[in-house]
Amino acid sequence: MTNAVVTLDNARKAFGKNEVLKDISLTVNRGDVLAIIGPSGGGKSTLLRCMTLLETLDGGSLAYGDLAVCTDEGGRAVYGSKEVLAKAKTRFGLVFQNFNLFPHYTVMKNITDPLICVQKMPREQAEARAVELLGKMGLSGKEAMVPCELSGGQQQRVAIARALAMNPDVLFFDEPTSALDPELTREVLRVIRDLANEHMTMVIVTHEMSFARDVADQLIFMDGGVIVEQGPASQVINSPAHERTRAFLSNYTQG
């Protein structure tokens, strides 16, 4: 039984002549928190979009546990059937920087809709799951509200509850606090920290360096479409081995 939740090998992706991912390999094991840092345009979000099937790889292979999503055949990424892709999508949850909630749905409907429509869960069970998760997110009593009635931090916590509701093997976060002010950022980071304490497997693209250092097990520094450095988070942030990593981190004051 493999411990790997996600495995990516020799991943390549280009948009026209622009090579955005150049031979990226990484493994996320069960219970690990992997933080991905790096300058804008370094390939972090594209990497996440390829791992969550919003973009397709040009080359390389991707697997969720024992499920091969795409394999490299002669330097070209060949994807599995519709059924394979549908199964892969049940194995991860994705939290976007802009929440991506349905604006006209209540908080309850935002969370229960995928459970009822995709997982065919009975409504009563789906609503009980939503109430439980909203309690965990500190949002009890907000079930009947619509997103515009909530703060950005509350909306992001609803988005996290929605992703968790599907019971994924791994949660992906694409800069989950970049649209929030410092106070709301702290709310959302606290939730992610709690999930880390519960050994939820997570991959987080973030600009919050002290958070990455304190919460992530492993950290990847990406620039120019390659992994420049990777290792234990505290080690990479406190004593980076590469000059490029040092230069990037020098722009951040350590919290």
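These numbers come from a predicted model, not from an experiment.
Hydrophobic clustering of Ile, Leu, Val, Met, Phe, Trp and Tyr side chains at less than 4.5 Å, counting indirect connections, keeps L171 apart from L34. The hydrophobic clustering, which links ILVMFWY residues whose side-chain heavy atoms are closer than 4.5 Å, places Y64 and V118 apart. Residues V33 and I192 fall within the same hydrophobic cluster, defined by Ile, Leu, Val, Met, Phe, Trp and Tyr side chains chained together at heavy-atom separations under 4.5 Å. Under the 4.5 Å side-chain heavy-atom criterion for grouping Ile, Leu, Val, Met, Phe, Trp and Tyr, M166 is not connected to L94 through any hydrophobic cluster. Under a hydrophobic-cluster definition in which Ile, Leu, Val, Met, Phe, Trp and Tyr are linked whenever side-chain heavy atoms come within less than 4.5 Å, directly or via other members, L48 and V20 are assigned to different clusters.
A salt bridge between R12 and D58 is absent, with no side-chain N of the basic residue lying under 4.0 Å from a carboxylate O of the acidic one. The pair R186-E183 fails the salt-bridge criterion, with no side-chain N (NZ, NE, NH1 or NH2) lying under 4.0 Å from an Asp/Glu carboxylate O.
In this structure, NZ on K13 lies 8.5 Å from CG on L21, to the nearest 0.5 angstrom. The distance from the OG1 atom of T185 to the CZ atom of R190 is 11.5 Å, given to the nearest 0.5 Å. Put simply, CD1 on I237 and CD1 on I37 are 5.0 Å apart, with the number rounded to the nearest 0.5 Å. Separation of atoms OG1 (T177) and CD1 (I204) is listed at 10.0 Å; rounding is to 0.5 Å.
You'll find the side chain of L8 reaches within 4.5 Å of the side chain of L57, heavy atoms only. For the pair Q97/F173, no side-chain contact is recorded, criterion being any heavy-atom separation below 4.5 Å from C-beta on. In this structure the side chain of F248 never reaches within 4.5 angstrom of the side chain of D223, judged on heavy atoms. Using a 4.5 Å cut-off on side-chain heavy atoms (C-beta onward), R91 and V5 make no contact. The shortest distance between side-chain heavy atoms of L134 and I111 falls below 4.5 Å. V228 places none of its side-chain heavy atoms less than 4.5 Å from the side chain of M222. Here the side chains of V78 and D72 are not in contact, with every heavy-atom distance at 4.5 Å or above. For the pair N251 and M209, the minimum side-chain heavy-atom distance is 4.5 Å or more.
Counting non-hydrogen atoms of neighbouring residues, nucleotides and ligands closer than 6.0 angstrom, the CD atom of E73 exceeds 12 such neighbours. Counting non-hydrogen atoms of other residues, nucleotides and ligands closer than 6.0 Å to NE2 of H242 gives a total above 12.
Residue pairs meeting the side-chain hydrogen bond (donor to acceptor under 3.5 Å, both in side chains) criterion with at least one partner in residues 163-176, sequence neighbours excluded, are S45-D174, E175-H207. Residue pairs meeting the side-chain hydrogen bond (donor to acceptor under 3.5 Å, both in side chains) criterion with at least one partner in residues 125-145, sequence neighbours excluded, are K136-E198.
Aromatic ring pairs are classed by plane angle as parallel below 30°, tilted from 30° to 60° and perpendicular above 60°; the pair F92 and F172 is perpendicular.
Side-chain atoms of Q218 do not come within 3.5 Å of backbone N or O of Q230 as any donor-acceptor pair. A donor-acceptor pair under 3.5 Å links the side-chain atoms of E149 to the main chain of V146, judged by distance alone. T201 places a side-chain N or O within 3.5 Å of a backbone atom of G31 that can act as its donor or acceptor partner. Between the T71 side chain and the S61 main chain, no donor and acceptor come within less than 3.5 Å of each other. In this structure a side-chain-to-backbone donor-acceptor pair under 3.5 Å is present from N238 to S234. The main-chain N or O of G38 is found under 3.5 Å from a side-chain atom of K44 such that the two form a donor-acceptor pair. The main-chain N or O of G224 is found under 3.5 Å from a side-chain atom of K22 such that the two form a donor-acceptor pair. Between the side chain of N110 and the backbone N or O of T106 there is at least one donor-acceptor pair closer than 3.5 Å.
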Validation: residues 150-162 side-chain donor-acceptor distances under 3.5 Å, sequence neighbours left out:
unit_1	atom_1	unit_2	atom_2	d
S151	OG	G153	N	3.4
S151	OG	Q154	N	3.1
Q154	OE1	S151	N	2.9
Q155	NE2	P147	O	3.3
Q155	NE2	L150	O	3.4
Q156	NE2	F96	O	2.9
Q156	NE2	P176	O	2.9
R157	NE	G153	O	3.4
R157	NE	E187	OE1	3.4
R157	NH1	M137	O	2.8
R157	NH2	E187	OE1	2.8
R162	NH1	N100	O	3.1
R162	NH2	F99	O	3.3
R162	NH2	N100	O	3.1

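No donor-acceptor contact under 3.5 angstrom links the side chains of N3 and N29, judged on distance only.
Taking each heavy atom of C50 and L62 in turn, the nearest pair found is O-CD2, 3.8 Å.
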